[in-house]
Amino acid sequence: MNDTPDITTEVDRPESTDFIREIIKQDLAEGKFDRVHTRFPPEPNAYLHIGHAKALWIDYGIALEFGGKFNLRFDDTNPTREEQEFVDAIIEDVRWVGADWENRLFFGSDYFEQMYQWAIDLIKKGKAYVCDLTSEQVIEMRGAPTTIGENSPYRDRGIEENLDLFGRMRAGEFEDGARTLRAKIDMTSPNVYLRDPVMYRIRHAEHHRQGDKWCIYPMYDWAHGLEDSIEGITHSLCSLEYENHRPLYDWFLDELGIYHPRQIEFARLNLTYTVMSKRRFIELVDGGYVSGYDDPRLPTLAGLRRRGYTPEAIKDFCSRIGVAKVESVVDVAVLQDCVRGHLNKTSQRVMAVMDPLKVVIVNYPEGQVEEFDAINNPEDPDAGTRKVPFTRELYIERDDFREEPPPKYFRLAPGREVRLRSAYLIKCVDVVKDSNGEIIELHCTYDPETRGGDAPDGRKVKATLHWVAAETSLEAEVRLYDHLFAKPNPDEVEDGQSYFDNLNPDSLQIRTCRIEPGVTGAAPGTRYQFERQGYFCVDTDSTADKLVFNRTVTLRDTWAKIEKAMRKGGR
RNA sequence: UCCGGGGUCGUCCAAUGGCAGGACAACGGCCUUUGGCGCCGUUGAUCGGGGUUCGAAUCCCUGCCCCGGAACCA
């Protein structure tokens, strides 16, 4: 509270920047544009993933920073693969991540009439023609990157004939694939996208918004720049694979002489231990490797949401990874660090025992129940406290006791004293085993003087354990998630193998835990920290009778590291 | 082979001719009623070769390597 605000550190600190922001600043300085307007243009044919979130935060973040505007626009130019279901899902995801398009939700298909008129303009200029070649012929005559293409025999059709034919294409006189409208550019260009690209194809298909109003549909390259132009986009940001398309983007806009946004490309996101493509999501879902597109192991936004990730964490992640043009693979540990950071500050602590070992406090009165005040969040004093019941019979984590403790292990062991979080100091006086030698129960004594966890004589204990009362604790299902793939790069495979061979068999473990009773009735989506273990959130499968938790991420586990190092060193 | 991009710590991103810095990871320590959080520290990089310059990650030349590109997909 009495910290002196350090003004100097806030002044002159270079704000986060990247090559795109630099370009925009320069454009603004040169007067090339006098405002900033971006857009996020998903095709409604798949679920969004964390890679889309990166793009979204570049688009939206830039608009925000420059005091500009941001549009959400569905690029729905292909009727055969787009569905309303995806429109709804994408809107939900974009909203969840926190981008605000205000009242600017648009659909590329709403511009079809304008696009059609512009196509006519191009035909009139002699810059577009109706081509009767089949798709196979077009491909053949286009040539290869290393060779040049060949002109279509229909390339020099007269303007009147082109106009007539194009009108009849729209009128539905021809079958699917019978003809196309092509731009007349250069069949010898080293950039194959400039070799008379198709602008319109015939598809007698029902469009999710336009119904059967149209039977010709614009191709991406033709449509996208027009959409940007119509919306007054200043900077059209997209991923690297469109770099080769930019000359075509520019060509259409220049030939039409209409408002011309600037396209800038950046590298898309890759993450370790996962895959990031629509095709692979489909394969994983269809193959039953994951439960659906919202499986918490998938990097889809729906999956991350279900897993317990917060929009804040995702936004933080996007700003940490930056923007550049190098193909990159970001360590998923960065993402995990982001959620831990946010959840540490915000989530309520609770005690849950994953693998219960019974503890009997032999000097504690039978039938007595005490209630302790446990701190809800040490990072947030305003979070207050909660009551946790304590009884003679308790459960602790099986892993928190060792009959023969290894070096550096300072949890419970015979004769050792530890603290039960928020309760008492207890000492292990006896180990009870069954006929197989399996430990079934621990007998401990408690020190009544240590109520709350501190010893009046000032003696210290090294360990604090989480625990639950045997009887009052609840049973709950926990789903422990780990990386979907066993290798950082799932594509690193032996000959004859596929990325499926790298699936991590332990990516999901289902357990039954005992949890303190206060969580009764927690709604799906509620997030907790299970002390000493990790962050968990109530799954959508959870019911009043049966709580189900997803593990979002584990806590950092220094002891596990030490143990691992010792095991290695021991060999 | 042609066209378009790109090569900085293990990873991601800075340094815009002037001390190669930050984050994650790793390692060590301090603190701790979470082996959590926090704090401190250590390790660690300019693809190679030439050149320009007082000075090069940055500019020039050259070589090498990586990615993308031949859907009536986006």
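Sequence lines set the chain letters: A, B, ... in the order given, protein chains first and strands last, and positions in each chain run from 1.
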| task | Map A:Gly143 and A:Pro41 onto RNA chain B by nearest heavy atom, then report which one ends up closer to the 5' terminus. | result | A:Gly143

| query | Which comes earlier along RNA chain B counting from the 5' end, the contact point of A:Arg411 or that of A:Asn191, where each point is its nearest nucleotide? | reply | A:Asn191

For a quick test of reading the model: is some side-chain N or O of [X] closer than 4.0 Å to OP1 or OP2 of [N]?
X: A:Arg201; N: B:rC73; result: yes
X: A:Arg320; N: B:rA14; result: no
X: A:Arg532; N: B:rG35; result: yes
X: A:Lys325; N: B:rG4; result: no
X: A:Lys278; N: B:rA74; result: no
X: A:Arg556; N: B:rA25; result: yes
X: A:Thr77; N: B:rA74; result: yes
X: A:Thr558; N: B:rG36; result: yes
X: A:Arg142; N: B:rC72; result: yes

Considering every strand and a 4.0 Å limit on heavy-atom distances, what is the contact class for [X]: base, sugar-phosphate, or nothing?
X: A:Leu269; result: nothing
X: A:Val329; result: sugar-phosphate
X: A:Pro247; result: nothing
X: A:Arg246; result: nothing
X: A:Phe410; result: base
X: A:Glu265; result: nothing
X: A:Ser328; result: sugar-phosphate
X: A:Ile321; result: sugar-phosphate
X: A:Pro197; result: nothing
X: A:Tyr409; result: base
X: A:Thr464; result: sugar-phosphate
X: A:Arg349; result: base

Which value, in whole Å, describes the distance between the [atom1] atoms of nucleotides [N] and [M]?
N: B:rG17; M: B:rC60; atom1: C1'; result: 13 Å
N: B:rA57; M: B:rU16; atom1: C1'; result: 11 Å
N: B:rA20; M: B:rG44; atom1: C1'; result: 13 Å
N: B:rG69; M: B:rG51; atom1: P; result: 39 Å
N: B:rC61; M: B:rG6; atom1: P; result: 15 Å

Ion pair check, [X] and [Y], cut-off under 4.0 Å:
X: A:Glu241; Y: A:Arg268; answer: yes
X: A:Arg386; Y: A:Asp373; answer: no
X: A:Lys460; Y: A:Asp454; answer: no
X: A:Glu22; Y: A:Lys25; answer: yes

[X] has an atom [atom1]; how far is it from atom [atom2] of [N], in whole Å?
X: A:His245; N: B:rA71; atom1: NE2; atom2: P; answer: 11 Å
X: A:Lys345; N: B:rG36; atom1: NZ; atom2: P; answer: 15 Å
X: A:His483; N: B:rA25; atom1: NE2; atom2: P; answer: 12 Å
X: A:Asp196; N: B:rC72; atom1: CG; atom2: P; answer: 12 Å
X: A:Ile139; N: B:rC73; atom1: CD1; atom2: C1'; answer: 12 Å
X: A:Lys462; N: B:rU32; atom1: NZ; atom2: P; answer: 11 Å
X: A:Glu327; N: B:rG5; atom1: CD; atom2: P; answer: 15 Å
X: A:Glu531; N: B:rU32; atom1: CD; atom2: P; answer: 18 Å

Looking at the side chain of [X], which of [options] is the nearest nucleotide?
X: A:Arg203; options: B:rA14, B:rU11, B:rC72; result: B:rC72
X: A:Ala333; options: B:rA70, B:rC24, B:rG6; result: B:rC24
X: A:Arg421; options: B:rC27, B:rU34, B:rG35; result: B:rU34
X: A:Met219; options: B:rA71, B:rC2, B:rG35; result: B:rA71

Please determine, for [N], whether a Watson-Crick or G-U wobble partner exists with both distances under 3.5 Å, and give it or none.
N: B:rC39; answer: B:rG29
N: B:rA45; answer: none
N: B:rA23; answer: B:rU11
N: B:rU16; answer: none
N: B:rC59; answer: B:rG51
N: B:rG4; answer: B:rC67

| query | A:Tyr220 on top of B:rA74's base, within under 5.5 Å and under 30°? | reply | no

| Looking at A:Phe106, is A:Arg73 sitting on its ring face, NZ or CZ under 6.0 Å from the six-membered ring centre and within 45 degrees of the normal? | no

| field | Aromatic A:Phe174 / basic A:Arg179 pairing, under 6.0 angstrom, 45° off normal | value | yes

| field | Check: A:Tyr395 ring centre within less than 6.0 Å of A:Trp467 ring centre | value | no

| query | Between A:Tyr116 and A:Phe166, does the ring centre distance come in under 6.0 Å? | reply | yes

Any N or O donor-acceptor pair linking the side chain of [X] to the base of [N] at under 3.5 Å?
X: A:Asn244; N: B:rG68; answer: yes
X: A:Tyr242; N: B:rA74; answer: yes
X: A:Glu379; N: B:rG36; answer: yes
X: A:Gln529; N: B:rU34; answer: yes

| Mind checking what makes side chain to side chain contact (heavy atoms under 4.5 Å, CB included) contact with A:Asp337, not counting sequence neighbours? | A:Arg320, A:Arg556

| Interatomic distance, A:Ser347 atom OG to A:Gln529 atom CD [nearest 0.5 angstrom] | 5.5 Å

